[in-house]
Every structure is written in structure tokens, then in C-alpha cells.
Amino acid sequence: MGRSGVITKEYKGKENTSYHDINALFKIYRAVSWNMQIKISQVKQRFCLEYGTDVDAFLDSIYQAGMDINQELADLKPRVEIINRSNQFLKLMEGAVDLMRKYHPQGERYYWVLYYSYMSAYKAENIEEILDELEPHFPKITRIHRATYFRWREQAFEAVSSILWGYEKESRQLLQHFRDTYKED
């Protein structure tokens, strides 16, 4: 069976602890989102310049005329595929975060931590700035302590990680527990 995830180190041996590195995923989220917006804008501008219309109207006219889209857009195909892969990455991440936000008991809290740390268009200069942004979302807490922020962030990572890749960590821990508890004689 194949593996899925983000490989952040060369795979060696049976286990690669960094194979599902959720931290690395969130660190690139903002950059991928920004690049997606640029690429989409470029494609739209190119269509407008070359065909005098927007992308949707252009595609409709090709389909209505019965033309082969692969021949007409052959030069754009690599760019469109890159945009599609990046878009799939963003949708995967956003879907996992939305699911966590809706159904996890601490989902709202974890959502705002991830949002201000990694997902908003504005990148905070430091942790204090993130804590300032979080304050209005938690009126019952006078000031969120730095240690609390880091704990919530790690818990949010675990929650999103379990959505993206299942409960592999918990399964390994349970298996190790049974191995330690019930050693073969």
C-alpha cells in the first residue's frame, strides 16, 4: 500500500517520523494561496488579451462550437495543471480545517489559532501580534499566555492531522501499549 502525505525528509527505513509533517503544510499554506491568486490572475489576463473575453465565456464558446479543448489550449495545459494541483492542496487543507472547526470540541479555538498563525493573508510579525488578534475571539480570557497558544496550536495540528491522515499516531501508540503490556512468553 502506498503512502500519502508531505515528505519533508528523505524516506529511510520502516518509519519516517516527518512523513506527515502538518507543520510544514501550514508553513507553506500562505505562499501557495498567494501564488494561486497570482497564477489565476495571470491566466485570466492572458485569456482576456488573447481572446477578448473571460475564461468562462471562452470555454463556453469552445464547447458550443464543438472544438477540442486539448488542441485549443495545449500551450496553457501545463499552467492549468499546476493551478489545479495547487487548488487541490488548498481545498484539502481548508476542508480539513473546516471539518475540525465544525465538529471538534475545541474546533473554534483551534481554527482561530491556525487562521492567524498560517491561513490569513496577513502574516503576523510575532507571537504577541497573533495573541492580540486572538483576544477578541476569547472575551472570557483576559490574555492568552504564550504557552497556551503553543499548546492550542499543537492540539490544532493533531486534530487536522488526524483528519488528513487518520489516526496513525494513536494506532501506533495503542499497538506499542499492547506490545509492552502483553509481551509474548
Side-chain angles (χ1 to χ4, degrees), residues 2-12 15-50 54-56 59 73-104 106-138 144 146-166 168-169:
R3 292 182 175 249
S4 64
V6 172
I7 300 174
T8 58
K9 295 181 183 173
E10 184 180 330
Y11 180 74
K12 295 179 183 176
E15 281 302 315
N16 179 3
T17 56
S18 63
Y19 191 78
H20 293 142
D21 190 347
I22 193 75
N23 195 355
L25 273 177
F26 275 103
K27 282 183 178 179
I28 65 170
Y29 179 89
R30 190 176 282 120
V32 171
S33 182
W34 169 244
N35 285 321
M36 272 291 294
Q37 297 307 317
I38 291 170
K39 289 188 185 317
I40 289 171
S41 176
Q42 289 171 344
V43 168
K44 285 180 178 180
Q45 287 175 358
R46 182 171 175 187
F47 265 88
C48 195
L49 288 173
E50 288 185 23
D54 69 355
V55 177
D56 294 327
L59 291 174
L73 303 176
D75 61 325
L76 286 178
K77 190 173 182 178
R79 179 177 267 178
V80 171
E81 287 174 355
I82 289 170
I83 291 171
N84 187 38
R85 279 195 301 272
S86 298
N87 193 36
Q88 287 174 349
F89 164 77
L90 291 175
K91 285 184 179 183
L92 179 71
M93 292 294 293
E94 290 166 359
V97 170
D98 286 343
L99 190 65
M100 177 215 46
R101 184 180 187 185
K102 287 179 186 173
Y103 297 108
H104 191 280
Q106 302 300 322
E108 192 68 19
R109 172 183 296 171
Y110 296 164
Y111 168 78
W112 288 113
V113 168
L114 292 176
Y115 178 78
Y116 289 118
S117 301
Y118 302 101
M119 300 177 77
S120 69
Y122 173 74
K123 183 178 180 181
E125 294 293 320
N126 53 44
I127 301 301
E128 292 303 317
E129 198 171 331
I130 294 171
L131 295 176
D132 290 341
E133 294 291 338
L134 289 172
E135 246 180 67
H137 298 284
F138 306 104
I144 299 169
R146 290 174 60 92
T148 302
Y149 162 78
F150 286 113
R151 187 178 67 248
W152 288 355
R153 189 182 71 180
E154 288 306 310
Q155 291 168 342
F157 282 162
E158 286 179 25
V160 172
S161 216
S162 69
I163 293 167
L164 291 173
W165 299 296
E168 289 182 25
K169 180 181 175 185

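We're numbering straight along the sequence, starting at 1.
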In Å and rounded to the nearest 0.5 Å, what is the [atom1] to [atom2] distance from [X] to [Y]?
X    : Y    : atom1 : atom2 : value
L134 : I127 : CG    : CD1   : 10.0 Å
N23  : I28  : CG    : CD1   : 11.0 Å
Y149 : L131 : OH    : CG    : 7.5 Å
S117 : K123 : OG    : NZ    : 11.0 Å

To check you understand the geometry: which heavy-atom pair defines the closest contact between I130 and A124, and what is its length?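 Scanning both residues, the minimum pair turns out to be CG1-CB, 3.5 Å.
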What are the two closest non-hydrogen atoms of A96 and V160, and how far apart are they?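 It is CB-CG1, 3.9 Å.
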What pairs with F138 under ring-ring contact (aromatic ring centres under 6.0 Å, His included), at least two apart in sequence or on another chain?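 Expected list: W152.
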Non-neighbouring partners of W112 that pass ring-ring contact (aromatic ring centres under 6.0 Å, His included), sequence neighbours left out: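 Partners of W112 under the ring-ring contact (aromatic ring centres under 6.0 Å, His included) test: Y115, Y116, H137.
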Less than 4.5 Å apart, side chain to side chain, heavy atoms only: is that true for [X] and [Y]?
X    : Y    : answer
Q88  : L92  : no
R101 : Y110 : no
E154 : F150 : no
Q106 : M100 : no
L164 : L25  : yes

Write out all pairs satisfying side-chain hydrogen bond (donor to acceptor under 3.5 Å, both in side chains) with one or both partners inside residues 28-37, taking only residues at least two apart or from two chains. Y29-E94
Looking at Y122, I want to see if its OH is surrounded by more than 12 non-hydrogen atoms of other residues, nucleotides or ligands under 6.0 Å. yes
